[in-house]
Amino acid sequence: MTLTDLEALMKQRHSCRAFLPDLVPQSQISDIITTARRVPSWCNAQPWQVTVTSGAETESFRAALQAEVSSGAPKPDLPFPEKYTGIYQDRRRTCGFALYDAVGIEKGDRVGSGKQMMQNFALFGAPHCAIITSPKELGAYGAMDSGGFVTAFTLAAQALNVASIPQAAVASYGPFLHRYFEIPDDRLILCAISFGYADTTHPANGFRTDRATVDDIVDWRG
């Protein structure tokens, strides 16, 4: 693989927000995880653990999650960002407005934007969901390592034409996820990855976000 090949793969990957119901073969899911586990980690700790749902298990989880959201309150294992300011807020808003434009939600339409936000908890219709956890004792370093795993997972999936979307929103209901999947309290729930085959005809998949330039993010020192 050349750098050009890798860049092409990364450009193909996007956060999919509408999926077909077709299941990904378990052998391919295993191949995705086999590849993703090759990412570097602090002291080779490899802190990530993955709970994967398929088919009827995903449907049961989707229903239970939506019921929890309708009656419970968010309580993530990791604190969410205090706020977004400056360029970070600008990028966040640009992404949100592009999504709303794609699906026909006008600015100021709180009902429409609320319905779209709730699609997070319907897993965007994905037939599979992966819950990513890390040992609490490893703190930020375990979370950072697991972030590399999430990136590799999404790229390996894309290489097999499997679409995905990492979701912090799902992890915001930490106590529920611990109970539902019997995840020990000594592990941090970091995020979910909903995945499957993209519904390419859905308008939510019809836009792409841009990226900052190299000079925007690099402080050259020589």
Side-chain angles (χ1 to χ4, degrees), residues 13-26 28-30 32-33 36 48-78 80 95-96 98-100 102-103 105 112-133 146-147 149-158 160-183 187-207 209:
R13 187 217 65 81
H14 69 283
S15 291
C16 181
R17 292 180 173 85
F19 293 86
L20 299 173
D22 311 67
L23 294 175
V24 178
Q26 187 166 323
Q28 289 194 359
I29 299 175
S30 182
I32 291 167
I33 295 171
W48 44 81
Q49 287 286 310
V50 190
T51 300
V52 178
T53 68
S54 299
E57 289 293 334
T58 302
E59 294 305 323
S60 295
F61 172 54
R62 192 188 337 266
L65 176 61
Q66 290 177 300
E68 177 68 21
V69 172
S70 68
S71 60
K75 189 179 180 182
D77 284 0
L78 284 180
F80 277 3
C95 178
L99 171 60
Y100 295 157
V103 298
I105 299 173
S113 60
K115 288 182 178 178
Q116 181 61 43
M117 184 274 292
M118 288 301 295
Q119 284 298 308
N120 279 281
F121 306 110
L123 310 176
F124 299 104
H128 303 280
C129 186
I131 306 297
I132 312 300
T133 70
S146 297
F149 177 86
V150 170
T151 298
F153 184 105
T154 63
L155 290 175
Q158 185 62 50
L160 294 176
N161 292 316
V162 174
S164 63
I165 179 169
Q167 293 183 260
V170 174
S172 65
Y173 288 84
F176 162 74
L177 295 176
H178 280 283
R179 294 193 307 271
Y180 189 89
F181 290 112
E182 299 181 337
I183 296 171
R187 297 196 67 84
L188 296 173
I189 295 172
L190 303 178
C191 72
I193 307 174
S194 294
F195 65 100
Y197 299 110
D199 180 353
T200 58
T201 67
H202 196 287
N205 288 329
F207 79 100
T209 55

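All figures in this text were calculated on a predicted structure; none of them were measured in a lab.
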Donor-acceptor contacts under 3.5 Å from residues 112-124 side chains, at least two apart:
unit_1, atom_1, unit_2, atom_2, d
Ser113, OG, Asp109, O, 3.1
Ser113, OG, Arg110, O, 3.1
Asn120, OD1, Gln167, NE2, 3.4
Asn120, ND2, Met117, O, 2.9

Start with the C-alpha distance between Leu188 and Ser146, add both sets of side-chain angles, then the distance that settles side-chain contact (heavy atoms from CB on, under 4.5 Å), and finish with yes or no. CA-CA 11 Å; Leu188 296 173; Ser146 297; over 6 Å; no
List the steps and the verdict of side-chain contact (heavy atoms from CB on, under 4.5 Å) for Phe149 and Ile193. CA-CA 11 Å; Phe149 177 86; Ile193 307 174; 5.5 Å; no
Evaluate the criterion side-chain contact (heavy atoms from CB on, under 4.5 Å) for residue pair Val150 and Leu190; output intermediate values, then yes/no. CA-CA 10 Å; Val150 170; Leu190 303 178; over 6 Å; no
Candidate pair Asn205 and Thr200, rule side-chain contact (heavy atoms from CB on, under 4.5 Å), full reasoning: CA-CA 6 Å; Asn205 288 329; Thr200 58; over 6 Å; no
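The nearest pair of heavy atoms linking Phe195 to Val162 is CD1-CG1, 4.0 Å. The two residues Thr151 and Thr154 have their closest heavy-atom pair at O-OG1, 2.8 Å. Here the shortest heavy-atom pairing between Ile131 and Cys129 reads CD1-SG, 4.0 Å. When every heavy atom of Pro127 is checked against every heavy atom of Phe19, the shortest pair comes out as CD-CB, 4.2 Å. Closest heavy-atom contact between Ala98 and Phe207: CB-CD1, 3.5 Å. Shown here for Cys95 and Thr209, the closest heavy-atom pair between the two residues is SG-CG2, 3.7 Å.
Heavy atoms of other residues, nucleotides or ligands lying less than 6.0 angstrom from CD of Glu57 number 12 at most. Surrounding CD of Gln26 are at most 12 heavy atoms belonging to other residues, nucleotides or ligands under 6.0 Å away.
His178 contributes atom NE2, which lies 10.0 Å from atom CZ of Arg187 (distance to the nearest 0.5 angstrom). We find the CG-CD1 distance between Leu160 and Ile29 to be 10.5 Å, quoted to the nearest 0.5 Å. Remark: Thr51 OG1 to Ile189 CD1 distance equals 8.5 Å, nearest 0.5 Å. Note that OG of Ser164 and NE2 of His128 are 12.0 Å apart. Values are rounded to the nearest 0.5 Å.
Looking at heavy atoms from C-beta onward, Thr133 lies out of side-chain contact with Trp48 at the 4.5 angstrom threshold. The side-chain heavy atoms of Phe61 and Leu177, taken from C-beta on, include a pair separated by under 4.5 Å. Side-chain contact check for Ser194 versus Ile165: some heavy-atom pair is nearer than 4.5 Å. Inter-residue side-chain proximity for Ile132 and Val50 is flagged as met; some heavy-atom pair is nearer than 4.5 Å.
Legend: residues meeting salt bridge (Lys or Arg N to Asp or Glu O under 4.0 Å) with Arg179, ordered by chain and number and at least two apart, are Glu68. With sequence neighbours left out, the side chain to side chain contact (heavy atoms under 4.5 Å, CB included) criterion links Ala64 to Phe176, Tyr180.
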